[in-house]
Amino acid sequence: MRVALLTEGARPHPHRGAGAWCERLAEGLPEHGFELYLLSGPPGPGPVWRLSPVWRGVHHLALWARSPRGRAPGALRRGQYARAYEELVRALVLPGERAGFGAGLYRLAGLAREDGGALPAFLASAHARGVLERTWRLPGADTSAGQPLVCDVLVAADLLEQCLRPLSAPWYGTGPGGLGGADLCHVVGGGPAALPALVARHLHGVPFVVTEHGLHLREQYLGYRGAPYLPQPSTPVRALLLSFFRALTEETYRQAAILTPGSAHDQQWQRRCGADPARTRVVYEGIPDVDRPAAGAEPARPTLVWAGALEPGRDTELMLHAFAGVRAELPAARLVVHGDEAAPGYLAHCAAVAERLGVAGAVDFAGRPGSLAEAWQGGTLAVFSALSQRSPRLLADAMLSGRAVVATDVGVAREVVGPTGLLVPARDPRALAGACLALLRDEERRSRLGLAGRLRAQERFAVEPVIGAFREIYLELVSQYPAFPEGGGAGEGGRAPRPFARPAEYWLADGPRGQDGRNGRDGQDGRDGQDGWVERADQADPEAEGEDSGAPEDRHGRLAARTPPAEVLPEPARPAGPALVEAV
């Protein structure tokens, strides 16, 4: 089947969204054809990322860049844009009109599809800013974050234009490269990357899956900063943008066929945002090197290793206070802190705390390690003191080293560590010091917990279960969602769906017509032969352009040649999907 993978990245930095995880997924499912739809920032200096040949096509939209120039709509058309935009803004600022967000969003998408590139030009116009200012200052509007000033309106208008820019992307047709011709969409990361999937579902009925390794909405609440070339948003602007992301998240969770959070902790957050538990599966992120060798012999001196960003949320200060307690009992103990400074001045603050506690000589602020495996190798214990542990990746990596783990009982820590490590309350240096001392004094227990943690991490975070989980999810979706004739869906064309319109032979691993599904219909790998960044659409299907053979058409408008048509029942029963199984 053809899978459209939508994600947000930051070119030329590949590991934000469209990097290793997405490539591993495409490589692990060679029976499907993957096309990458990437929302990213403007091209900048530095090395250009060469895309993997697993992608059948690559489509790029500069999201966090200055507004593209385009033709503004005429006077009559501008009124239609203004009404749709006002409906969307009212849903953001008026508590009683939250339900209008989806309607305004899809009206803007429909107008953008009809007019090409007119939507960004309208959103960047003075007319759109006037609509925003007038609606934002209506009686009853939520201004608890402060009354918007003129400068707030200008900044908010620019940021909303960027957030809504995917609505005008040239991706919504049913031809080659169009989302309407995809069998399903897979959104990785949420946020603006979900907008094309929402539009494709509304226009063509294409189902979509949402995978979040760390919730996009939660990250926005923790620190939304906007575009780098714009002033930092004020409190009213931040409140408006958070309202937009909250409404977008709720609409995404409501329309998604299946949600796959990266942990049970994230699953609980999604349920608080309206996600249906029946459509949610926990699929862990997966670590490619789970079979790497365990760390070797422990260092001669008892050593605690702490790794993470140096910021208040990681609570390095708590680690220093706990280490002072350990040092009082074991004078030979030392602490190695790995990580870059994420909050200005926080490293100097931690150094001053260590000096005040009298342990500065035994604390080594070692900076970023060459690799995490090297960091764990140099320690006796791996210790985590965070106030909020949102991602399981760092904890799982420490467990893979075979070192025993001590962590604060926050976020995903209990879910990841389980009974293979020691968990202590947050903000309790005495409890943290006690747990560290208990393991430093008991070599046999350390070894036992370290081995158990390594086995647990290998079982839960291997790549193969992740690939298997998505293989089942994809097949379940195409079995439940019918094909639509000529690309028409519930939101366009008005035709009734045709269940079982594709014969079973269509879903064979070698592609719909016995051709290589991985390399595309023309046998090419989708690269341009240079840097892989030129947007490329698949070649037209020669069979679809031939004379009418009387064969039925599938949802893409192509002739289903060489396969007998499936019988269409008058009122077919909707097939039940397999039982919901959490992938571990």
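Note that the numbering runs from 1 along the sequence shown for the chain. Below, all heavy atoms of this structure are taken into account, side chains as well, without hydrogens, waters or symmetry copies. Predicted model only: the values in this text are computed from it and were never measured.
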Original post:
Please walk me through it: do E133 and R129 pass salt bridge (Lys or Arg N to Asp or Glu O under 4.0 Å)?
Top reply: CA-CA 6 Å; E133 181 178 15; R129 291 193 290 269; over 6 Å; no
Subject >> Any I473 side-chain heavy atom under 4.5 Å of I258 side chain >> reply: yes
Original post:
Rounded to the nearest 0.5 Å, how far does CD of Q162 lie from CG of L159?
Top reply: 5.5 Å
Original post:
What are the two closest non-hydrogen atoms of G191 and L248, and how far apart are they?
Top reply: O-CD2, 3.5 Å
Subject >> Exercise: identify the closest heavy-atom pair between P277 and R271 >> reply: CG-NE, 3.4 Å
Original post:
So, R368 and D340, do they make that salt bridge, N to O below 4.0 Å?
Top reply: yes
**OP:** Report the relative orientation of the aromatic rings in H32 and F34; use parallel for angles under 30°, tilted for 30 to 60°, perpendicular for over 60°.
**Re:** perpendicular
**OP:** Mark yes or no for whether R165, through its side chain, and L63, through its backbone, hold a donor-acceptor pair below 3.5 Å.
**Re:** yes
**OP:** Would you mind reporting whether V209 and V187 have side-chain heavy atoms less than 4.5 Å apart?
**Re:** no
Original post:
Are the side chain of S243 and the backbone of A239 linked by a donor-acceptor contact shorter than 3.5 Å?
Top reply: no
Subject >> Pairs where residues 115-149 contributes a residue and the test ring pair (Phe, Tyr, Trp, His ring centres under 6.0 Å) is met, not counting sequence neighbours >> reply: Y81-F122
Subject >> side chain to side chain contact (heavy atoms under 4.5 Å, CB included) evaluation trace for E219 with R390 >> reply: CA-CA 10 Å; E219 299 303 319; R390 301 187 295 275; 3.1 Å; yes
Original post:
Can a salt bridge be assigned to the pair R254 and E251 using a cut-off of 4.0 Å between side-chain N and carboxylate O?
Top reply: yes
Original post:
D409: what forms a salt bridge (charged side-chain N to carboxylate O under 4.0 Å, His left out) with it, not counting sequence neighbours?
Top reply: R414
Subject >> Distance-only side-chain donor-acceptor flag, R77 / Q80, under 3.5 Å >> reply: yes
Original post:
Within a strict 4.5 Å, meaning less than it, do heavy atoms of the V478 and L184 side chains meet?
Top reply: yes
Original post:
Would you find more than 12 non-hydrogen atoms of other residues, nucleotides or ligands less than 6.0 Å from R427 atom CZ?
Top reply: no
Subject >> Polar side-chain atom of E317 near backbone of P312 as donor-acceptor pair, under 3.5 Å >> reply: no
**OP:** Measure across A342 and A309 and return the closest heavy-atom pair with its distance rounded to 0.1 Å.
**Re:** CB-CB, 3.9 Å
Original post:
Between R281 (side chain) and T260 (backbone), is there a donor-acceptor pair under 3.5 Å?
Top reply: no
Original post:
Does the side chain of S385 pick up a donor-acceptor pair with the side chain of D315 at under 3.5 Å?
Top reply: no
Subject >> Rounded distance (nearest 0.5 Å) linking atom CD of Q267 with atom CD of E415 >> reply: 9.0 Å
Original post:
Can you check whether D397 reaches F461 side chain to side chain, under 4.5 Å on heavy atoms?
Top reply: no
Original post:
Between A4 and A182, which heavy-atom pair has the shortest distance, and what is it?
Top reply: CB-CB, 4.2 Å
Subject >> Backbone N/O of A386 and side chain of T408: donor-acceptor pair under 3.5 Å >> reply: yes
**OP:** Decide if the gap between the ring center of W269 and the ring center of Y221 is smaller than 6.0 angstrom.
**Re:** no
Subject >> Heavy-atom donor-acceptor pair, S391 side chain to R393 backbone, under 3.5 Å >> reply: yes
Original post:
For the ring pair F245 and H216, is the centre-to-centre distance below 6.0 Å?
Top reply: yes
**OP:** In sequence, state the C-alpha distance, the side-chain angles, and the governing distance for Y253 and L259, and then conclude on side chain to side chain contact (heavy atoms under 4.5 Å, CB included).
**Re:** CA-CA 7 Å; Y253 290 171; L259 299 171; 3.8 Å; yes
Original post:
Would W306 and F384 satisfy ring pair (Phe, Tyr, Trp, His ring centres under 6.0 Å), going step by step from the backbone distance to the final call?
Top reply: CA-CA 6 Å; W306 185 99; F384 298 86; 8.1 Å; no
**OP:** Enter the distance from L347:CG to T316:OG1 here, rounded to the nearest 0.5 Å.
**Re:** 9.0 Å
**OP:** Would you check if the side chain of R90 reaches a backbone N or O of T135 as a donor-acceptor pair within less than 3.5 Å?
**Re:** no
Original post:
Quick one: which of L242, D158, D152, L149 gives a side-chain contact (heavy atoms from CB on, under 4.5 Å) with V237?
Top reply: D152
Original post:
Looking only at heavy atoms, which two atoms of L387 and A426 are closest? And how far apart?
Top reply: CD2-CB, 4.5 Å
Original post:
Under a 4.5 Å cut-off applied to non-hydrogen side-chain atoms, are E250 and F101 in contact?
Top reply: no
**OP:** Report yes if some heavy atom in the side chain of Q270 is under 4.5 Å from a heavy atom in the side chain of T280; otherwise report no.
**Re:** yes
**OP:** Determine whether more than 12 heavy atoms belonging to other residues, nucleotides or ligands lie under 6.0 Å from atom CZ of R107.
**Re:** yes
**OP:** Apply side chain to side chain donor-acceptor pair (under 3.5 Å) to the pair S40 and H60, showing each step before the final yes or no.
**Re:** CA-CA 7 Å; S40 73; H60 172 257; 2.6 Å; yes
Original post:
Knowing that exactly one of L195, L61, T7 qualifies, which makes a side-chain contact (heavy atoms from CB on, under 4.5 Å) with L39?
Top reply: L61
Subject >> Non-hydrogen side-chain atoms of T143 and V93 separated by less than 4.5 Å >> reply: no
**OP:** Could you tell me the separation between the OG1 atom of T211 and the CG atom of D266, rounded to the nearest 0.5 Å?
**Re:** 11.5 Å
**OP:** List the steps and the verdict of side chain to side chain contact (heavy atoms under 4.5 Å, CB included) for D183 and V3.
**Re:** CA-CA 6 Å; D183 296 300; V3 180; over 6 Å; no
Subject >> Atom pair CD (Q268) and OG (S263), whose distance is rounded to the nearest 0.5 Å >> reply: 8.5 Å
Subject >> Inter-residue atom distance R113.CZ - L203.CG, 0.5 Å rounding >> reply: 5.5 Å
Subject >> E8 versus P192, closest heavy-atom pair with distance >> reply: OE1-CD, 3.7 Å
Original post:
Between the side chain of R98 and the main-chain N/O of A247, is any donor-acceptor distance below 3.5 Å?
Top reply: no
Original post:
Under 3.5 Å, is there a donor-acceptor pair between the Q389 and H265 side chains?
Top reply: no
**OP:** Take Y284 and V416 through the side chain to side chain contact (heavy atoms under 4.5 Å, CB included) test and state the conclusion after the steps.
**Re:** CA-CA 10 Å; Y284 292 105; V416 175; 5.6 Å; no
Original post:
Within a strict 4.5 Å, meaning less than it, do heavy atoms of the Y85 and L160 side chains meet?
Top reply: yes
Original post:
How are the rings of W171 and Y37 set relative to one another: parallel (under 30°), tilted (30 to 60°) or perpendicular (over 60°)?
Top reply: perpendicular
Original post:
F470 and H186: ring pair (Phe, Tyr, Trp, His ring centres under 6.0 Å), yes or no, with the steps?
Top reply: CA-CA 10 Å; F470 282 107; H186 190 161; 5.0 Å; yes
